[in-house]
Structure formats: structure tokens, C-alpha cells
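What's counted below: heavy atoms across the whole structure, side chains too, no hydrogens, waters or symmetry copies.
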Amino acid sequence: MLKFFTRIRLLLWILALVGLGILVSTQVRAKLAQAAANLRSLETQTVDTYPVETEILKTSDWETWRSYYGQAKSAHTQNITTFEREIVQSVAVDVGSPVKAGQTLITLQVAARGAQVQSGKSAYDEAKLNYSRLKQLNAKGGISQSEVDAAYAKMKTAEATLRSSQSTLQRTSLKASIDGIVAARNVEPGEIAEAGVPLLSIVDPKEMEAELMVSKKDIMKINKNTPVEIYVDGEKHIGWVKRTSPEAQSGSGLYPVVVGLPENSGILPGTYVEGRFQVSRQQSVVVIPSSVVIYRGNTQSVYIANGNKAKLMAITTGEGREGRVVVTSGLKAGDVLITSGNRVLYDGAEIIRKVDLAGKKASNKTNEG
């Protein structure tokens, strides 16, 4: 009987030890599983994912426009001047007066010139009468032919003097040669008009043009087919190239380019204008935002999306304006350019597009609900 209880007690101890071993083993496995889970979680946390925005690159045409400045002027102008120094008798117009071609604008004093014409006419009449008389005497044998020839020469000289004085008398009436408006008046009655000095200036406002000063680097790119836009106080007008000068102005080194302005544009002579010339046009080029270009020393680069990884690409750029720049090498159509979030990236960094991240968050909220 004692042996029986001893065996039962031994069996119970054995069962207790087995149960304890199972319990310890279970706890150890649970600890190991938790540690593995924590390790995996830690590994997941150490891999950062960067949210970015992207743009699929396409090719487009790129136009380069350059601005130059100048003044508007009339295509047809006339400066009224006198041939000789004379006293002004009257001025028939003022600044702003409309005039017609052939209209008398200024009259010079004629007293002295009229006397010259009268004196010249008397001398010519006398020389002509003398030549006629000597010619008749020569026909009768009374005088030699040489005397007749001398009288003829004297008559022709008197005739030339008379014509000159008559022409001078006619120039006492200064007339307009074009239709237009008086833009400047520099003389008053009683003043002395100097030869060659402008007394009045006439402009034709119906046909206006602008002379713009262009740099050497662009003058050879501008011709009569070059598109031109003219801006005055923010208002745009379409112009056209009328002529270019192959010679630079002394001092500035700039080349004059004359641009025609549309009729009834309202642009007045003397107005300062901005002219924008299309100096080049490139077809099918890649253009990107200039803000995404990373400068490191003399190198330029951008990040593109290669699956869920960021890839650093070396590029070269060309002309740019208004926040965009042409890429001359390094990128092609179809590349996925990272346009936002690129400043914290590195080559090979894991990325997720913000639109995908937003969709994932929305999906999680739906599942939780």
C-alpha cells in the first residue's frame, strides 16, 4: 500500500514537471515571437518613405523673346526751312494745326527780292533788245559775228539772273509737302529765319513707326519675318520689322531697328515703347520648372521617380524664363520628374506620391469605419 502511494506521488511530480516545462516553453516562444515582431517593427521604422509630387515630362515648343526699347515717330515728317537768311513776315499755323500738302505755312518778306526780280527783268529786256538789234545789223554787214555772239551771251546771262531771282522770290512762300499735323513751331513773325534751320515740323500721324535699339547678339536674328510685339503702358500692339541697320550707333554700340505700328493704334510721336522680338523658336524640347534644379558646384541635377525609388539625374539646361527652363540633355519625354519634396531626397530614397498617400489614408479610414 505504501508503495502504491509512493508511485502516485512520483507520477504527480512528473506531471507537474512536464506541465511546468510546457508553460516555460510556451512563454519562451511567446517572448521570442514578440522580440522578432519588435525587430521587424524596428526595421520597418528605420526605412523612411518620402512623400513627393511628380510630373510626367512631355515635349513642347519653346520661343525666346527679347525686349528692347525706343521711341515712336511718324513715318513721314517734314521740317520747314528757308534757303536763304530772311525776315519772317507771317506764320499761318500753330502747334497742333492740321495741314495739307501745298498749303502755305510761312511767308518771308519780299520787298528786297521783288526789287531784285524787277532789276533782273529790266536787264534781261535790255540785253534781249540789244541782241536783236545787233543781229539785224550783222545781217546787213554792219557789224561782225563776234559782236553778235557777245550780245547773245550777255542776254543769256541776264536771263539766268532773272530766273534765279524769280526762283528766290517764289521761295518766300514756304509750303507743306505732306498732309499732317504741326508738331513744332520755332519761329514768330518779325524774327530772322536762318538758312537750313527748321522753322516748323510736320508729322503724319496716320503712319507711325518705332525705332528700337537692339544689341549685337540679336541683330542678326531679326529680319522682316520676325514677329514683334509692341507694349505701351501695358497695352499690346502687333508690329512688323520695316528695316534694320547693319551699322551700330556710335557710343551705345546698339543697332537701330525700325518697326511699323498698326494704323489707329493711338501711339503718339515721341512715346517710349517696349518692343519684344521673337529671336528663336525651338521645337519638341523638354521644359521643366527651374525650381526643381539642384545646383552643386558646376553640376545640375534633378530627381526622377524610378518605381518607388528616387533617382538622381545629371542634366544640362539652356534658356529659361518665367520659372521654366529648357533641358538640353539628361531628360526625355516620359520621364517622371519629382517636382515637390525633392530637397530632402537622396539617390535611392523610397518615395510615395502624395496622391497615393492620400488615397491610402482614405482607404484606412473606410476600413476602420
For the atom pair [atom1] ([X]) and [atom2] ([Y]), what is the distance rounded to the nearest 0.5 Å?
X    : Y    : atom1 : atom2 : answer
I288 : S291 : CD1   : OG    : 8.5 Å
N342 : I351 : CG    : CD1   : 11.0 Å
W240 : N225 : CH2   : CG    : 14.5 Å
D179 : D204 : CG    : CG    : 7.0 Å
R276 : S67  : CZ    : OG    : 5.0 Å
Q78  : I178 : CD    : CD1   : 5.5 Å

[X] atom [atom1], neighbour heavy-atom count above 12 within 6.0 Å:
X    : atom1 : result
E247 : CD    : no
Y272 : OH    : no
Y152 : OH    : no
D233 : CG    : no

Is there side-chain contact between [X] and [Y], with heavy atoms separated by less than 4.5 Å?
X    : Y    : value
L254 : V214 : no
E188 : V88  : no
I80  : I202 : yes
L212 : V259 : yes
E229 : I238 : yes
V285 : Q283 : no
M213 : P256 : yes
I294 : Q300 : no

Do [X] and [Y] share a hydrophobic cluster, counting only Ile, Leu, Val, Met, Phe, Trp and Tyr and linking them when any side-chain heavy atoms are less than 4.5 Å apart?
X    : Y    : answer
V326 : L337 : no
I56  : M313 : no
I304 : V344 : no
I338 : V327 : no
L57  : L312 : no

For residues [X] and [Y], report the shortest heavy-atom separation together with the two atoms involved.
X    : Y    : answer
Y255 : P246 : CE2-O, 3.6 Å
N186 : P198 : ND2-O, 3.4 Å
P189 : S90  : CG-CA, 4.2 Å
S284 : D61  : N-OD1, 3.2 Å
V287 : S60  : CG2-OG, 4.0 Å
I267 : A72  : CG2-CB, 3.6 Å

Go through it in stages, so that I can follow the logic: the residues are L200 and V93, the test is side chain to side chain contact (heavy atoms under 4.5 Å, CB included), and I'd like the CA-CA distance, side-chain angles, deciding distance and then a yes or no. CA-CA 9 Å; L200 294 174; V93 293; 3.7 Å; yes
Would you sort out whether T107 and Q89 count as a side-chain hydrogen bond (donor to acceptor under 3.5 Å, both in side chains), showing the intermediate values? CA-CA 5 Å; T107 302; Q89 180 173 318; 6.0 Å; no
Y50 and Y346: side chain to side chain contact (heavy atoms under 4.5 Å, CB included), yes or no, with the steps? CA-CA 10 Å; Y50 298 93; Y346 55 89; 3.8 Å; yes
Using only atom types and a distance under 3.5 Å, with no angle test, would you say the side chain of [X] pairs donor to acceptor with the backbone of [Y]?
X    : Y    : result
Y69  : V273 : no
Q71  : G270 : yes
T271 : L268 : yes
S265 : L261 : no
E211 : V258 : no

Test: [X] and [Y] ion pair at under 4.0 Å:
X    : Y    : result
E350 : K309 : yes
K311 : D347 : no
R243 : E209 : yes

Distance-only polar pair, side chains of [X] and [Y], donor-acceptor under 3.5 Å:
X    : Y    : result
Q278 : T226 : no
Y68  : S215 : yes
T339 : E53  : no
H76  : E207 : yes

Residues at least two apart in sequence or cross-chain that pass side chain to side chain donor-acceptor pair (under 3.5 Å) with S329, listed by chain then number, are T316
Partners of K224 by side chain to side chain donor-acceptor pair (under 3.5 Å), sequence neighbours excluded? none
Would R321 pass as a cation-pi partner of W62, given that its NZ or CZ must be under 6.0 Å from the six-membered ring centre and within 45 degrees of the axis? yes
For a side chain to side chain contact (heavy atoms under 4.5 Å, CB included) check, start with the C-alpha distance between L199 and V91, then their side-chain angles and the critical distance, and finish with the verdict. CA-CA 10 Å; L199 307 177; V91 182; over 6 Å; no
Show your working on side chain to side chain contact (heavy atoms under 4.5 Å, CB included) between D94 and R185 and close with a plain yes or no. CA-CA 7 Å; D94 208 338; R185 170 174 165 168; 3.8 Å; yes
